[in-house]
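Each chain gets a letter, A, B and so on, in the order its sequence line appears, and its residues count up from 1.
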Number of protein chains: 2
Amino acid sequence: MELDSRKLQILRAIVDEYILSASPVGSKSLSQNSKWSSATIRNEMADLETLGYLAQPHTSAGRIPSEKAYRLYVDQMMQHAHLSDDESKLLYGYFREHVHGVDAVLRETAKALSEITHYTAVVMMPDIGVNRLRHLQLIPLTTGKALAVVVTDAGVSQNTVIDVPADIGSEELDRISKSITARFQDCRMSTVSSSLVRELGGELSRRADFVESLLSALCNGQTRDRRMVELSGATNMLEYPEYSDVNKAKTFLATVEQKDDMYRMLKKASNMEFTVTIGSENEQEGFQDCSVVTASYRVNGTPVGSFGVIGPTRMDYARVLSILKNVQNNLSTVLQSFLKEE
Amino acid sequence: MELDSRKLQILRAIVDEYILSASPVGSKSLSQNSKWSSATIRNEMADLETLGYLAQPHTSAGRIPSEKAYRLYVDQMMQHAHLSDDESKLLYGYFREHVHGVDAVLRETAKALSEITHYTAVVMMPDIGVNRLRHLQLIPLTTGKALAVVVTDAGVSQNTVIDVPADIGSEELDRISKSITARFQDCRMSTVSSSLVRELGGELSRRADFVESLLSALCNGQTRDRRMVELSGATNMLEYPEYSDVNKAKTFLATVEQKDDMYRMLKKASNMEFTVTIGSENEQEGFQDCSVVTASYRVNGTPVGSFGVIGPTRMDYARVLSILKNVQNNLSTVLQSFLKEE
DNA sequence: GATTAGCACTCGAACAAACGGAGTGCTAAA
DNA sequence: TTTAGCACTCCGTTTGTTCGAGTGCTAATC
């Protein structure tokens, strides 16, 4: 059965109202701002309920939208929100001020998102694999240890502490750094593979074992690191009546702090321009009453990561989506500015 | 008026009991495991209340310890807790496994503390000022930008993105790195001051302006960074009845996430071997119902930072203190291992 | 004189009954 | 097809009521 125009209008009104109030919407209050009487609306509501778009917490309560309703709302009914000038200026300000490298920008992005939406924001650090090597520098720490710093066209990766043979000196580390940089410059990080090492002559091949383990550490190093997801505003959720129960809040916070899971979620979403995942569509246990809206970001045209907003299922999808779109633009501009001489 | 032995014993029993149960302690339940009758205990309790060691939530309730009582308890009455072998092995395990640099160790410390105590843990990254420069490396990023990586005898600092004159090339950055490293090797970071730059000849003095701004960026860079405090287990507090109210929880979480404040708190505490700060003795608004217990850690004999546990005022002080002591030992051993060749 | 048994009293937590209101479904009239 | 009207439902809140753990005080006991 198709939804006729009136049903759609009523459903939208219910969703809009519920997003604002978080409490079940009744026919009487709806009929105030509507051309239909409460009785008509009641009848339609009953239909919408049997069709699975509405649910009733208990017999004599109003209706609340089901996930199916949100899905329909997001896919077809939502009006595009328009950010006010103030808001987009505010948003722009976050990116204007803190431009000390990719990491800082993405941290700032998370902060901006959570502060402006009042929901929780997660930002995935760019996937290093698709980026091209600019510079590798090994820095001696102590005997047997060195710090490997990798610069790519997308900025700086986390640096990694690696083991080095005890007999390697500061100068040799320097020479190895230069050789590798020269050899792999502008290669994608994912292709910086140890298989090529033995082809190289001279010092590098003498240190083949070391260099191999070094390169594999660089490629995999990132996954070991827990800081690949920037989280902000987790406690914003405590504002919402959905989380007035401490246990629910705790479950949510625990979920959102599983950086591995968050990373997997965002990584998956980075292929898509935007995604909206509602309630039980989420894989995470703790997000069954949440929706996640994500957007991807690109560097040099390649999608390298994504960021998103997590809120209650009754989140203001229209507003969140336009904010994400805005941030997406700002972000690609700023990231591009790190690559001027490309 | 001095507290006689019986008053002390009763007070200690009340504190011990309240730490466990979080609910007011009555005379009857106390008299179960005591040589005195409930009436006697009642009389003593009345005295202790007028002396300010106990408080009564309402007329016909038991008594709860005041901050004054906790203070006395911590200073004089507390029995030293003894960690079980299992526990100290568990604790040791945290340090055994993750030794990829100072940062990682301190992150692991925070995690270990929060998981073992079930309270919230904060760890301050070491204060770089007192450490000695080992190595400085400037790595070209894009035209006009470079990454400065500083290695000290305590390990790696955060790296900083800096502006460089547009006409500086990769090789020149390298030479400048080497010059500065040579000149300031083994100087305390706080004394790496730009005043000395002009004394130097050659390339360095030609680039005097740049080098000056570089060095000041290095000394101050750390304070700009928000990651100087590692936080773990903030949501542990939601377990305790003190925080079953979402608003209280929110206030606490907001406070603990003020990394600047946490840093200031820990920095102040790093001069002391241990500190115990109870309830309103805390400066932070949000810690009026909390206690903070800290310990300092040293590198090469110099205290460079501190770490602590934040819990409700009725925290298990004895246990926390022995855990902190244990961690303090582990930590200095591990940090020392980064400085082998000293 | 110190301790304790006994007693009347207090107050909160927990449970139950009563009430009001917002909402519903259904029926019959417009 | 829409809507006014009505009986009904059920939640949230308020109002009692009871129960129990606790208290202070007094008088008896050690």
For the atom pair CG (L90(B)) and CG (D85(B)), what is the distance rounded to the nearest 0.5 Å? 12.0 Å

Tell me the interatomic distance from I10(B), atom CD1, to dA2(C), atom C1', rounded to whole angstroms. 13 Å

Report the distance from atom CD of Q56(B) to atom P of dT10(C), rounded to the nearest whole Å. 14 Å

Has the side chain of D261(A) got a donor or acceptor atom that lies under 3.5 Å from a matching backbone atom of Q258(A)? no

Residue S60(A), side-chain atoms from C-beta onward, closest of dT24(C), dC11(C), dC10(D): dC10(D)

Salt bridge check, E283(A) against K268(A): does any charged N sit closer than 4.0 Å to a carboxylate O? yes

Figure out the CG/P separation between D47(B) and dC25(D), and round it to whole Å. 12 Å

Under 3.5 Å, side-chain donor or acceptor atoms of residues 20-28 of chain A against the rest of the protein: list the pairs with distances, not counting sequence neighbours.
{"unit_1": "S21(A)", "atom_1": "OG", "unit_2": "E17(A)", "atom_2": "O", "d": "3.2"}
{"unit_1": "S21(A)", "atom_1": "OG", "unit_2": "S23(A)", "atom_2": "N", "d": "3.2"}
{"unit_1": "S21(A)", "atom_1": "OG", "unit_2": "S23(A)", "atom_2": "O", "d": "3.3"}
{"unit_1": "S27(A)", "atom_1": "OG", "unit_2": "R42(A)", "atom_2": "NH1", "d": "3.2"}

Out of dC10(D), dG22(D), dG25(C), which nucleotide sits closest to the side chain of H58(A)? dC10(D)

Rounded distance (Å) that lies between atom C1' of dC26(C) and atom CD of E44(A): 16 Å

Mind running a 4.0 Å heavy-atom check of residues 241-249 of chain B against DNA chain C and sending the residues that fall below it, in number order? none

Nucleotide nearest T59(B) when distance is taken to its side chain, options dG6(C), dT10(C), dC26(C): dT10(C)

Grab the CG-P distance between N43(B) and dT23(D) for me, whole Å please. 11 Å

Calculate the interatomic distance between Y18(B) atom OH and dG22(D) atom C1'; express it in whole Å. 16 Å

M45(B) CE - dT4(C) C1' separation (whole Å): 16 Å

Can you check the I64(B) CD1 to dT23(D) P distance for me, whole Å? 13 Å

Sequence neighbours excluded, which residues qualify as side chain to side chain contact (heavy atoms under 4.5 Å, CB included) partners of Q9(B)? S5(B), K35(B), W36(B)

Examine K248(A) relative to Y243(A) and say whether NZ or CZ is less than 6.0 Å from the centre of the six-membered ring and inside a 45° cone about the ring axis. no

Those residues of residues 26-38 of chain A lying under 4.0 Å from DNA chain C by at least one heavy atom: G26(A), S27(A), K28(A)

Heavy atoms of other groups near D75(B) CG, more than 12 under 6.0 Å: yes

Sequence neighbours left out, cut at 3.5 Å: what donor-acceptor pairs do the side chains of residues 319-326 of chain B make with other protein atoms?
{"unit_1": "R319(B)", "atom_1": "NH1", "unit_2": "E87(B)", "atom_2": "OE2", "d": "2.5"}
{"unit_1": "R319(B)", "atom_1": "NH2", "unit_2": "E87(B)", "atom_2": "OE2", "d": "3.3"}
{"unit_1": "R319(B)", "atom_1": "NH2", "unit_2": "I116(B)", "atom_2": "O", "d": "2.9"}
{"unit_1": "S322(B)", "atom_1": "OG", "unit_2": "A318(B)", "atom_2": "O", "d": "3.1"}
{"unit_1": "S322(B)", "atom_1": "OG", "unit_2": "R319(B)", "atom_2": "O", "d": "3.0"}
{"unit_1": "N326(B)", "atom_1": "OD1", "unit_2": "N330(B)", "atom_2": "ND2", "d": "2.9"}

OP1, OP2 of dT3(D) versus side-chain N and O of T40(A): anything below 4.0 Å? yes

N or O in side chain of R6(A) less than 4.0 angstrom from dT1(D) OP1/OP2: no

Could you tell me whether the phosphate oxygens of dA4(D), OP1 or OP2, come under 4.0 Å of any side-chain nitrogen or oxygen in R42(A)? no

Partners of N247(B) by side chain to side chain contact (heavy atoms under 4.5 Å, CB included), sequence neighbours excluded? D245(B)

